[in-house]
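Just below is one structure, and these are the notes that go with it.
All heavy atoms count here, side chains included; hydrogens, waters and symmetry mates do not. A quick note: this is a predicted structure, and the numbers were derived from the prediction, not measured.
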Number of protein chains: 2
Amino acid sequence: MKLTRECEYAVRCVLYLSHEGKEIVVGRRRIAEEMEIPGPFLGKIAQQLARSNIIEIVQGSKGGFRLVPSPEKLTLLDVIEAVMGKVYLNDCVLRPDSCFRSPTCHVRLVWKAATERLRETLRKTSFAKLLEAESEYLSSD
Amino acid sequence: MKLTRECEYAVRCVLYLSHEGKEIVVGRRRIAEEMEIPGPFLGKIAQQLARSNIIEIVQGSKGGFRLVPSPEKLTLLDVIEAVMGKVYLNDCVLRPDSCFRSPTCHVRLVWKAATERLRETLRKTSFAKLLEAESEYLSSD
DNA sequence: TTATATCGGATAAATAAAATCCGATTTATC
DNA sequence: GATAAATCGGATTTTATTTATCCGATATAA
């Protein structure tokens, strides 16, 4: 029932790119250092983000990653599901037939509702909002 | 971000005991068979449920498990947290110091809110409700 | 006293998460 | 071009967690 570190790292990476700005290419090594992500692991995660069109990977010298959508349109759910696949709390939510109890089971309906609530919370949070909140916090120092 | 099978089994076990009635002792083997839970594993899970006073374990011949609270007062959250410990979606929710970003990080606040929503959903679901919903479903056949 | 059950600690097996390695490829710059 | 700086992407390794199982000890009914 917990986030994987992969998700945590993916969010950090996108947060960093959002902060730098949409069109800026940032080197993998720099993101890894500043966001405390193991370098080669970030490479793997980036590939997944790229497959979902969240970032673009620029190869070669001076290469790195660049944010594709604007932070206003990009949500936590987008990033999480890019690396984890669809979010759900129990197998039976996605594949009812995986459990012999499912024809009558009402626990499944609870998992289903809870899953939808969770996805909704994540869908409502854009990276623009996150950045804004963090910068407000800093400026009120 | 998923339930463990241990939780799933714990819920099935309590569901079965709730259905049998509060004062009835049911053998481990019978619960294991009817609810498709590996026998020895159910033993382990039962120990955790007993530590949280959700069931009472009766030893010796004709032994087994007995539900302690009434199904009206027992919630999904109680059972889940008896086997998993406190529910939370990311380490930083429980231990903010575990992440270097936490002083300014607003993602953590989202995890925190989502965690509370999830716990609330589970807290609102009693086993009495679950049973009732399932028996209504059956009788409307 | 015997048969039936669970206890509870130790251990094993299986799966998933987390991370690394490295030859291939791509691009900027000299 | 040649070279250096990056990432790619597939394979592999390491580590942690999940999912069990085993078994001697203990408890209880008959």
Side-chain angles (χ1 to χ4, degrees), chain A residues 1-13 16-17 24-33 35-52 54-68 80 82-85 87-91 98-99, chain B residues 1-13 17 24-33 35-68 80 82-85 87-91 98-99:
Chain A
M1 214 106 112
K2 285 191 199 64
L3 208 64
T4 62
R5 220 169 297 176
E6 201 177 17
C7 285
E8 167 74 26
Y9 292 156
V11 170
R12 284 188 200 173
C13 172
Y16 193 83
L17 290 174
I24 311 298
V25 175
V26 187
R28 179 181 70 174
R29 200 165 295 178
R30 181 163 140 222
I31 302 173
E33 271 174 26
M35 286 308 205
E36 298 192 1
I37 305 169
F41 198 17
L42 176 54
K44 284 281 159 259
I45 295 166
Q47 285 170 29
Q48 305 192 69
L49 292 174
R51 265 180 233 126
S52 297
I54 291 173
I55 65 172
E56 207 172 84
I57 297 174
V58 179
Q59 281 204 45
S61 168
K62 307 249 177 183
F65 312 140
R66 163 170 47 209
L67 193 68
V68 173
I80 299 295
V83 299
M84 284 207 109
V87 165
Y88 58 93
L89 292 175
N90 200 4
D91 277 350
S98 65
C99 174
Chain B
M1 212 104 112
K2 286 191 198 63
L3 209 66
T4 61
R5 219 170 297 177
E6 199 177 19
C7 285
E8 167 75 27
Y9 292 157
V11 170
R12 285 188 199 172
C13 172
L17 290 174
I24 311 298
V25 175
V26 187
R28 178 181 69 172
R29 201 165 297 182
R30 182 164 139 222
I31 301 173
E33 270 172 29
M35 286 307 200
E36 299 192 1
I37 305 170
F41 197 19
L42 177 55
K44 285 282 160 256
I45 294 167
Q47 284 170 30
Q48 304 191 70
L49 292 174
R51 266 181 232 126
S52 298
N53 274 304
I54 291 172
I55 66 171
E56 205 172 86
I57 296 172
V58 179
Q59 282 205 44
S61 168
K62 308 248 176 188
F65 313 140
R66 163 167 49 205
L67 192 68
V68 172
I80 298 295
V83 300
M84 284 208 109
V87 165
Y88 58 94
L89 292 176
N90 198 6
D91 277 350
S98 66
C99 174

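- For the pair A/Leu49 CG and D/dG9 C1', the interatomic distance rounds to 15 Å; values are reported in whole Å.
- Minimum interatomic distance between A/Ala82 and A/Ile54 (heavy atoms only, all atoms of both residues): CB-CD1, 3.7 Å.
- We find that CD1 of B/Ile45 is positioned 15 Å from P of C/dG8, with the value rounded to whole Å.
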With the criterion being N/O to N/O and under 3.5 Å, what pairs connect the protein with nucleotides 16-18 of chain C, and how long is each?
from: C/dA18; atom 1: OP1; to: A/Arg5; atom 2: N; distance (Å): 3.2
from: C/dA18; atom 1: OP2; to: A/Arg5; atom 2: N; distance (Å): 3.2

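- Remark: C1' of C/dC21 and CZ of A/Arg28 are 12 Å apart, rounded to the nearest angstrom.
- Across all non-hydrogen atoms, the minimal contact from A/Ala10 to A/Ile45 is CB-CG2, 3.7 Å.
- Atom pair B/Arg29:CZ and D/dT21:P shows a separation of 13 Å (rounding to whole Å applied).
- Nearest heavy-atom pair, B/Ala32 versus B/Leu42, reported as atom, atom and distance to 0.1 Å: N-CD2, 3.8 Å.
- A/Gly27 comes within 4.0 angstrom of sugar-phosphate atoms only, judged by non-hydrogen atoms across all strands, and of no base.
- As a whole-Å value, the separation of A/Glu8 CD from C/dA19 C1' is 16 Å.
- Residues passing the ring pair (Phe, Tyr, Trp, His ring centres under 6.0 Å) test with A/Tyr9 are A/Phe41, sequence neighbours excluded.
- When all heavy atoms of A/Arg12 and A/Glu36 are compared, the pair lying nearest together is NH1-O, 3.2 Å.
- Rounding to the nearest 0.5 angstrom, the gap separating the OG atom in A/Ser98 from the CG atom in A/Asn90 is 7.5 Å.
- Judged by distance alone, the side chain of B/Arg28 and the main-chain N or O of B/Phe65 form no donor-acceptor pair under 3.5 Å.
- Atom CZ of B/Arg30 is separated from atom P of C/dA5 by 12 Å (rounded to the nearest Å).
- For the atom pair A/Glu6 CD and A/Ile80 CD1, the distance stands at 10.0 Å (nearest 0.5 Å).
- In this structure, B/Gly64 reaches the sugar-phosphate backbone alone: every heavy-atom distance under 4.0 Å involves primed, P, OP1 or OP2 atoms, never a base.
- In this entry the distance linking CE of B/Met1 with P of D/dT17 reads 18 Å, nearest Å.
- Between A/Arg29 and A/Glu33 there is no salt bridge, since no side-chain N of the basic residue sits under 4.0 Å from a carboxylate O of the acidic one.
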Expected string for nucleotides 22-30 of chain C under the B/S/- scheme (protein heavy atoms, under 4.0 Å, primed atoms plus P, OP1, OP2 as sugar-phosphate) is ---BBBSS-
Protein-nucleotides 10-14 of chain D N/O pairs under 3.5 Å:
from: D/dG10; atom 1: N7; to: A/Lys44; atom 2: NZ; distance (Å): 3.1
from: D/dG10; atom 1: O6; to: A/Lys44; atom 2: NZ; distance (Å): 2.9

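- Scored by the side chain to side chain donor-acceptor pair (under 3.5 Å) test, A/Glu56 finds A/Arg66 as partners (sequence neighbours excluded).
- Pairing for C/dC30 is with D/dG1, a Watson-Crick or G-U wobble pair whose two hydrogen-bonding atom distances lie under 3.5 Å.
- Scanning for side chain to side chain donor-acceptor pair (under 3.5 Å) contacts around A/Arg30 gives A/Tyr16, A/Glu20, with sequence neighbours left out.
- Distance, A/Glu56 CD to D/dC8 C1': 15 Å, rounded to whole Å.
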